[in-house]
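The structure appears below as structure tokens.
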Amino acid sequence: MNLWVVAAVENELNIVRAELSAGFGGMAGGHRYYRASWGRHSVYLGVTGVGIVSAAVAVTAFACTIGADRIIMIGSAGAYPGSGLQIGDVAVASSETFSELGVREGPGIGNGGALGVSDVEQTILLDKGLARDLAHAANEAAHAGSGRFLTVAGVSEDLGCAATRDRHFGALVENMEGYALASAGQKLGIEVGEVRGISNYAGNRDKGAWNLDAANERAQAVVPAYLRKYLQ
Amino acid sequence: MKTLTIGYSPCPNDTFIMAALAEGRVDTPRKFRPVLADVETLNQWAVESRLEVTKLSFMALGMVRESYGLLRTGSALGWGCGPLIVSRPGRNLSELERGLVAMPGILTSARLLLSLYLGREPGSRQMVFSDIMPAVARGEVDFGLIIHEGRFTYRQHGLIALLDLGEWWQAATGRPLPLGGIAVRRDVGEQTARQVDEAISSSLKRARENPDEPMKYVLAHSQEMDPEVTARHIDLYVNSFSDDLGAAGEQAVATLLSRAEEAGLMPGSTLPLMAY
């Protein structure tokens with residue numbers, strides 16, 4: 001099996017890279033990747049870049065040039081205040097919704113259905129079996145919750161915007177790449193899953209109140225737990 | 001209107017009850033945001049008052065009664081559904097007093113029952129539920145405290161059952177065994193609590209009327225992949241007490257909590273057990 005673990009930036013993969021002793025593998029679509037082995041399986045670590053467009057290009061390039069049977073995206077996310085998730089927790093996606101897709105209905109909010117185009121899906125379900133396995137693995141690494149994720153082209157600029165998105169979509173967290181993964185997985189027939197550590201509360205731009213290190217550590221800790229448990 | 005976050009476990013009894021609500025097949029004036037987490041995480045989150053609505057163990061409810069009240073719908077109580085103490089063949093119950101017991105959490109009703117049985121807190125090691133039986137089978141711990149579908153699968157691990165804590169409870173009290181329920185944070189108010197109860201009740205009613213409808217959602221979240229085991233799990237834990245706790249269920253929960261208070265295992269509370 002070719003398993004990919006992808007993240008927006010190198011820093012979100014560094015612990016996994018060290019644990020798996022992954023060496024530089026090459027470039028695909030202008031995106032860097034690393035390669036390691038896990039038993040009879042190949043594990044690739046790919047850097048997608050930040051944002052939905054870069055992530056879509058990267059994931060597609062990885063899958064189409066190297067090959068991918070399963071892709072797990074890891075990284076950090078901002079939790080919506082009502083979600084119950086707190087900084088340092090881990091969230092596992094059951095679905096991804098693209099916030100801005102469609103006819104604009106408010107700040108950072110689109111309505112995909114209002115476009116009137118039949119194949120526009122604003123919400124895509126992720127692979128259920130993989131989401132279940134990741135949730136079990138995540139419970140070994142931290143307190144973890146599973147549910148809907150929201151992908152945003154632009155992150156919530158203040159608590160008011162986050163509250164509006166929270167009311168509208170009822171997601172657990174917002175991030176900038178997940179929908180790209182979900183869409184690529186759906187179109188290319190690849191099992192995809194997503195795990196993110198909570199670094200901050202959505203809409204809080206005071207980085208002094210963030211904890212990116214804890215978020216990155218917790219999200220990356222899920223990967224070896226998953227490999228040990230589910231990739232024999 | 002505010003979205004209410006509702007936490008429940010991926011266990012088949014919970015997902016069977018919540019499937020219609022989660023998948024938008026229930027008419028409700030409230031909007032819900034589901035978050036699935038294992039029951040010990042939900043218990044810990046309840047201690048921190050994180051979620052407005054949450055499934056939790058009755059042990060945990062006893063610890064958070066000042067901030068949460070119990071709903072009438074969605075509970076797991078019953079007869080013959082108790083936690084089991086399992087071991088490798090050759091051990092006997094007299095060793096339990098000094099033995100090391102693997103268990104799925106510190107705030108679980110199963111742990112509370114074992115504490116009431118022993119008259120003190122057991123020597124324990126916390127583990128993810130799915131790791132308990134393999135750890136007992138490997139001899140890493142002396143005993144395992146198993147719940148849920150473990151009742152149906154422990155023999156596959158070469159283990160034997162030494163004690164059914166449900167049978168012990170029923171013999172001691174004559175009441176059904178309370179395992180877990182759904183609670184609402186008291187600050188959301190009684191009217192909202194009623195709406196939540198009605199929404200969960202509608203979700204469960206729909207599942208009962210169309211039992212195949214929720215199964216895709218149930219199987220998507222269950223770690224137990226065998227549909228027959230999953231169906232037995234639902235049959236056992238989703239029963240008339242799940243439809244409505246009723247006076248008998250309420251008395252059973254009150255008995256459990258009062259016995260735990262008398263044994264010094266949880267604090268008392270002057271607030272009513274129920275959310276409304």
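By convention in this document, chain letters (A, B, ...) are assigned in the order of the sequence lines, proteins followed by strands, and residues within each chain are numbered from 1. Here the structure is a predicted model, which means the values were calculated and not measured.
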Q: Pick one of side chain, backbone, both or neither for B:Ser130, based on which atoms fall under 4.5 Å of a heavy atom in chain A.
A: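 The side chain, not the backbone.
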**Q.** Under 4.5 Å from a heavy atom of chain A, the part of B:Glu40 involved
**A.**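 Contact with chain A involves no heavy atom of B:Glu40 at all.
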Are [X] and [Y] close enough for a salt bridge, meaning some N to O gap below 4.0 Å?
{"X": "A:Arg165", "Y": "A:Glu100", "value": "yes"}
{"X": "B:Asp197", "Y": "B:Arg72", "value": "no"}
{"X": "A:Arg196", "Y": "A:Glu177", "value": "yes"}
{"X": "A:Arg70", "Y": "A:Asp127", "value": "no"}

Q | Closest-packed option against chain A by number of heavy-atom pairs under 4.5 Å, given B:Ala37, B:Ala220, B:Pro34 | A |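 The residue among B:Ala37, B:Ala220, B:Pro34 with the greatest pair count is B:Ala220.
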**Q.** Max heavy-atom pair count under 4.5 Å with chain A, selected residue of B:Thr3, B:Leu4, B:Thr41
**A.**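 Greatest number of close heavy-atom pairs with chain A: B:Thr41.
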Contacting moiety of [X], where chain B heavy atoms sit under 4.5 Å:
{"X": "A:Ala138", "result": "neither"}
{"X": "A:Phe169", "result": "backbone"}
{"X": "A:Ala135", "result": "neither"}

Q) Side-chain donor-acceptor pair under 3.5 Å between B:Ser124 and B:Gln126, yes or no? A)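 Judged by distance alone, the side chains do pair up.
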Q: Tell me the residues of residues 83-92 of chain A whose non-hydrogen atoms fall below 4.5 Å from those of chain B, in number order.
A: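 Contacts with chain B: A:Ser83, A:Gly84, A:Leu85, A:Gln86, A:Asp89.
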Donor-acceptor check, side chain of [X] to backbone of [Y], threshold 3.5 angstrom: yes or no?
{"X": "B:Ser222", "Y": "B:Val218", "result": "no"}
{"X": "B:Lys31", "Y": "A:Arg167", "result": "yes"}
{"X": "A:Gln122", "Y": "A:Leu101", "result": "yes"}

(Q) If you apply the rule salt bridge (charged side-chain N to carboxylate O under 4.0 Å, His left out), what do you find for A:Glu157 with A:Arg205, and how did you get there? (A) CA-CA 7 Å; A:Glu157 73 271 27; A:Arg205 302 301 304 158; over 6 Å; no
Q. How far does CD1 of A:Ile15 sit from CG of A:Leu20, to the nearest 0.5 angstrom?
A.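 If we round to the nearest 0.5 Å, A:Ile15:CD1 and A:Leu20:CG are 11.5 Å apart.
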Q: Could you check which of A:Arg148, A:His136, A:Lys128, A:Lys229 has the highest count of heavy-atom pairs closer than 4.5 Å to chain B?
A: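 The candidate making the most pairs under 4.5 Å is A:His136.
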